[in-house]
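Data block below; observations after.
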Amino acid sequence: MGNGRGVQFFSGENIPLEMHKARMVQRLRLPTAEERLENIRGAGNNTFLLRNRDVYLDMLTDSGVNAMSEAQYAAMLMADDSYAGSETFYRLEAALREVFDKEYFLPAHQGRAAENILACAFVKPGGVTVMNYHFTTTKALITRYGGSVVEVAADDAIDPRAERPFKGDFDLDKLAAAVDRAGPEKVNFVRVEAGTNLIGGQPLSLGNMREVSAFCRRKGILLVFDASLLADNLYFIKTREAGYADRSLPEIAREISSLMDVIYFSGRKLGCARGGGIVTSDSRAHAAMRGLVPLFEGFLTYGGMSVREMEAMAVGLRETLDLDVISQTPLFVAALGEELEKKGVPVVRPHGGLGCHVDAFRFVDHLPQDQYPAGSLAAAAYLAGGVRGMERGTLSEQRRPDGSETFAQMELLRLAIPKRVFTLSQIKFVADRLGWLYENRRLIGGLAFEEEPEVLRFFFGRLRPVNDWQERLIAKFRAEMPNGL
Ligand code: F0G
């Protein structure tokens, strides 16, 4: 255990000091520039389709790839493998009760599986789900069940330059207007997303959650909390919100939980393992969802998860309440963001959780949105340094029923920072390569679809460059990089 005060900066410099050390490592390789060109072509210019062996720094996501603690590995050995009534289930249930203090726990194999259960139980055709901002899988599932999504974050939540500390907050006037417009009985539920993913890992304040909760209770609307990115959000409440500096993380987590009717999470993020689940004290909501677990996931005491992962998750959930553990990601996000800003690279402000988000609208402002600026930048970042980020822009949207594009409100290249995985020199390498790319940004060209799946196309769609910009970028790189890598 560290000192419990969180990762520290030392000597007044903005260098985060880790409260952990690496005791097992994975060998990495940085492919040559020519290999990178070949690899990104082979992957249809989609970073999801790269093989991990061809990636130097995998910043695609923090999902299921966070470093686990020795206590988590130790717990995995104690797993009780049984179809029904395993002790492992009860240990995970106890850990969740400690964190959230809710009565019932329904296991699911990952976050979107929990969303599927929620959508199946509560989305009625023609109904609306109101939320601060959508997540890709959430919206795809809600629309699949015939519902629609209304987003009510404030207008500046999608402005990368707006400096508000809690850009994930609900705009309460918009929330009230959306509910009035639909009629409260047509609102399937209100969903609060912690650490709001698609606007750049931006947190909500506890004060705002309290108001949203009071509103939903007045209107009799079910309030659902997506806690997948709760760890970062807890950190920001403690460090940014007035009145919470001296409150403990367990107290803050329980206060959030007390405001929510149903909480679900991706255990690939929260709990640093692989799995997910739903907790609630609402017996009617529980009854509406319970039968769907054996139908979609597995029996009620494992829900499609391996018991080893469940044991690791139980330990990981408790570790989420340790400031030394959860402060590392936001401080590394800030470290990368600051290095990038020194080189002029536009990033989402303020630095949030989950990863550093590069603003492709400004980085490649010469590219039209129908050539997928964030997707092009993701391909270019791989070419420049073997760094795998994720497109979070128009590619991640779905086309409208008439086939026209839904242009995303933000075009972001997300460079995720999985928890306790990378060193500061690797972070500096990423900034160095992105800095070089920024100097040469006019060489970056657009992409066009070659193969476009109908649903969640960003996962496995294939694209080609609109001209020979990638060859030209690699030639310039070769001419300027002395070590050739
Ligand atoms: N909700 C949020 C806020 C998420 O970030 C994710 C996953 C999910 C739900 C779905 O969980 O992946 O376990 O099914 N986010 C990943 C990411 C995929 O890379 O940001 P899942």
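Note that ligands are numbered from 1 as they come in the structure, with each ligand's atoms numbered from 1 the same way. These values consider heavy atoms only, across backbone and side chains, with no hydrogens, waters or symmetry-generated copies. Since the model is a prediction, treat every value here as computed from it, not as a measurement.
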Within the 4.0 Å heavy-atom shell around D226, which atoms of ligand 1 are there? 1 (N), 2 (C), 3 (C), 9 (C)

Where on R112 is there a heavy atom closer than 4.0 Å to ligand 1, on the side chain, on the backbone, on both, or on neither? both

Have a look at R191, K269, R392, Q110 and point out the one with the heavy atom closest to atom 21 (P) of ligand 1. Q110

Would a line drawn from the ring center of F225 to the ring center of Y264 be shorter than 6.0 Å? no

With a cut-off of 4.0 Å, which atoms of ligand 1 are near a heavy atom of M390? 19 (O)

Tell me whether the guanidinium CZ or amine NZ of R392 lies under 6.0 angstrom from the six-membered ring centre of F458 and within 45° of its axis. yes

May I ask you to decide whether E452 forms a salt bridge with R399, counting only side-chain N to carboxylate O separations under 4.0 Å? yes

Shortest heavy-atom approach to atom 8 (C) of ligand 1 - which of Y133, F265, F135: F135

May I ask you to list the atoms of ligand 1 that are less than 4.0 angstrom from any heavy atom of E115? 1 (N), 9 (C)

Would you kindly say whether D54 and Y382 are connected by a side-chain donor-acceptor distance under 3.5 Å? no

Judging by distance only, is a nitrogen or oxygen of N197 under 3.5 angstrom from one on ligand 1? yes

State whether the side chain of R349 and the backbone N or O of A162 hold a donor-acceptor pair below 3.5 Å, judged by distance alone. no

Would you mind running through ligand 1 and noting each atom that sits below 4.0 Å from a heavy atom of E193? 3 (C)

Mind checking whether R414 contacts ligand 1 via backbone (N, CA, C, O), side chain (CB onward), both or neither, at a 4.0 Å heavy-atom cut-off? side chain

Shortest protein contact, atom 13 (O) of ligand 1 (heavy atom only): S266 OG, 2.6 Å

Sub-4.0 Å atoms of ligand 1 with respect to non-hydrogen atoms of T61: 17 (C), 19 (O)

Matching residue for R457 among E405, E450, E451 - test: salt bridge (Lys or Arg N to Asp or Glu O under 4.0 Å): E405

Could you walk me through whether Y73 and E311 pass the side chain to side chain donor-acceptor pair (under 3.5 Å) test, one step at a time? CA-CA 9 Å; Y73 281 109; E311 291 283 0; over 6 Å; no

ring-ring contact (aromatic ring centres under 6.0 Å, His included) evaluation trace for F170 with F215: CA-CA 12 Å; F170 279 62; F215 174 84; 9.4 Å; no

